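These numbers come from the heavy atoms of this one structure, side chains and all, not from hydrogens, waters or symmetry mates. Because the structure is a prediction, the values reported are computed rather than measured.
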Amino acid sequence: MPRYVTLLFAVVCGMSVANIYFAQPLLDNLSSEFGIDYSIIGILITITQIFYALGLLLLVPLGDLLNQRRLIIGQMSFSLIALVIVGTASSSTVLFAGMALVGLLAVVTQTLVAFAATMAAPTERGRIVGIITSGIVIGILLARTISGILTDLAGWRSVYLVSAALMLLMVCALFRVLPNVERGVKSLSYPHLIRSVFLLFSQERILRIRSILALLIFADFSILWTSLVLPLSASPLSLSHTAIGAFGLAGVAGALAATRAGKLADRGYGQRTTGLALILLLISWLLISYIEQSLFALVIGIVLLDLAVQAVHVTNQSMIFALRAEARSRLTAGYMVFYSIGSATGSITSTQIYAHYGWAGVCLLGAAVSALALLFWAMTSRATATTLK
C-alpha cells in the first residue's frame, strides 16, 4: 500500500471524525442563535454520538457486502451534504437533524480502516492501521481547537462549510486512488449481515477480549478529555479557552508516538505491547493528578495516556483484522460499538465524579479503570496467547 495512500486515508479519517466534535466548543453560540436553553443544547452532542453508534452497527458492516470504493465515496458525499445542512441551518429542528446525519455518516472512518486492512499486505497491516488510526485520534483532539479558531475568524457556520469544502476535495482524491474491489459475501442478506456481527462475538474469543479492553481504555480517554476543561478553567488556574485547547497538542504527540505499536504487532509483540501500554496508562494518572502543582507534569501525563490508549487500540485492531479477512468490516463494527460504550460511560461518570469529589476523584476513577484494564489483560493473557497460536 503506497505511503501517500496511507497518509490520505489518515487525513480523510481525521477530518471525518472531527465533524462529530466540532460542536462541543460551539454550544454557547448555538444556544444563543437558535434560542435553545442551556439545559437542552447539550443533547445535540448526545444525539450525534447516538447516531454515530447506530452507524457503526448499521452502515460499517456493509463493507463486507458492497463494493467498498462506492460505499466510501457515497458515504462521504452524503456527509458533505449533511455538513452543508448544519452550516446553513435556519432552525433548531434542521440543526438537530443535520447533526444526526453528521454522526451517522462519520462512521466512514471505520469503513476506511477496514478497507486499508484489506489493501495492506499482512506484514505491514499493523503499521498501516497504526498510521490511519493516529489520524483519527488527531482529528478528535484537534477538532475543538480548529472549531474555536474558525468561529473566531468567521462565525460558527464557517466550521461546517469549510469542512464540507474539504470533504469535497477528499472525495475527489479518493475517487482517483481507491481500487475497485468487489466483495465475496453477496449471498448474505442485509438482516443476516447485521446478525452475523453478533455471531462473531460468540465465535471469536480474541474479538471479545479486545473489545472489552477497548471499552476500558476509551472510558479512560473520555474521563480525562471530558472533564479536563473543568479544573483548568476554574481557580486557581483559570486558563483561557485557547490555552486549554493547546493541551490537545500534547495528546497529538502521544498519538503520533504510538504508531510504532502497529509495527510491533506485525512482529508478534502485540501482547507485550498491550501490557506495557496499560502500565503507562496507570502511571499517567499519577502525573495528571498534579494538575494544580505542575502543568508540565499534566502535559507528560497527557502524552503518556494518549500514547497508551492509541497503542492498545492499534494492537487491538491488528489482532482482530487477522481473524477473518472476509469479515473485517463486521469485526470493526462490533469492536467499535464497545469503543462508543466506553467513551459515553467515561464522559458521563467523569463529570458526575468531578461535581462530587473534584479532580482527585476523577484521577482516582481513571486510575481504577486503568488498573481494571491491566488486571483484565493479565487474566486473559494466556487465553489470548493460546488462541493466537
Review point. Could you give all pairs that pass the salt bridge (charged side-chain N to carboxylate O under 4.0 Å, His left out) test and reach residues 210-225, with sequence neighbours left out?
Key: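 Of all non-adjacent pairs touching residues 210-225, none passes salt bridge (charged side-chain N to carboxylate O under 4.0 Å, His left out).
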Check your understanding: Restricting to pairs with a member in residues 155-168, which pass salt bridge (charged side-chain N to carboxylate O under 4.0 Å, His left out), not counting sequence neighbours?
Key -> Glu33-Arg157
Would you confirm whether [X], through its side chain, and [Y], through its main-chain N or O, come within 3.5 Å as a donor-acceptor pair?
| X | Y | result |
| --- | --- | --- |
| Ser294 | Ala297 | yes |
| Ser381 | Ala378 | no |
| Ser16 | Cys13 | no |
| Thr133 | Gly130 | yes |
| Asn19 | Val102 | no |

Cluster check [X], [Y]: I/L/V/M/F/W/Y, side chain < 4.5 angstrom:
| X | Y | value |
| --- | --- | --- |
| Tyr4 | Phe9 | yes |
| Leu65 | Leu58 | yes |
| Leu8 | Leu169 | yes |
| Leu286 | Ile300 | no |

Exercise for review: Have a look at Gln75 and tell me which of Leu71, Ile73, Ile72 forms a side chain to side chain contact (heavy atoms under 4.5 Å, CB included) with it.
Suggested key: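 The option that passes is Leu71.
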**Study point:** Plane angle bin for Phe218 and Phe221 - parallel if under 30°, tilted between 30 and 60°, otherwise perpendicular
**Key:** perpendicular
Practice item. Could you label the plane-to-plane angle of the His313 and Tyr339 rings as parallel, tilted or perpendicular, counting under 30° as parallel and over 60° as perpendicular? Key: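 Parallel: the ring planes of His313 and Tyr339 meet at under 30°.
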Review point. Do Leu150 and Phe22 have side-chain heavy atoms sitting under 4.5 Å apart?
Key: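 SC-SC contact between Leu150 and Phe22 ruled out.
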Point to revise | Minimum side-chain heavy-atom gap Leu298-Leu295 below 4.5 Å | key: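 Yes, their side chains come closer than 4.5 Å.
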Review point. Will you find, in the side chains of Ser340 and Gln49, an N or O donor that is under 3.5 Å from an N or O acceptor?
Key: no
Practice item. May I ask you to check whether Gln68 and Arg328 show a side-chain donor-acceptor distance below 3.5 Å? Key: no
**Study point:** Shortest non-hydrogen contact between Trp156 and Val86, atoms and distance
**Key:**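 Taking every non-hydrogen atom into account, CH2-O, 3.5 Å.
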**Study point:** Test: Arg69 cationic atom under 6.0 Å from Phe175 six-membered ring centre, within 45° of axis
**Key:**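 Yes, a cation-pi geometry holds between Arg69 and Phe175.
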Exercise for review: May I ask you to check whether Phe34 and Phe96 place their ring centers less than 6.0 Å from one another?
Suggested key: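 No, ring centres 6.0 Å or more apart.
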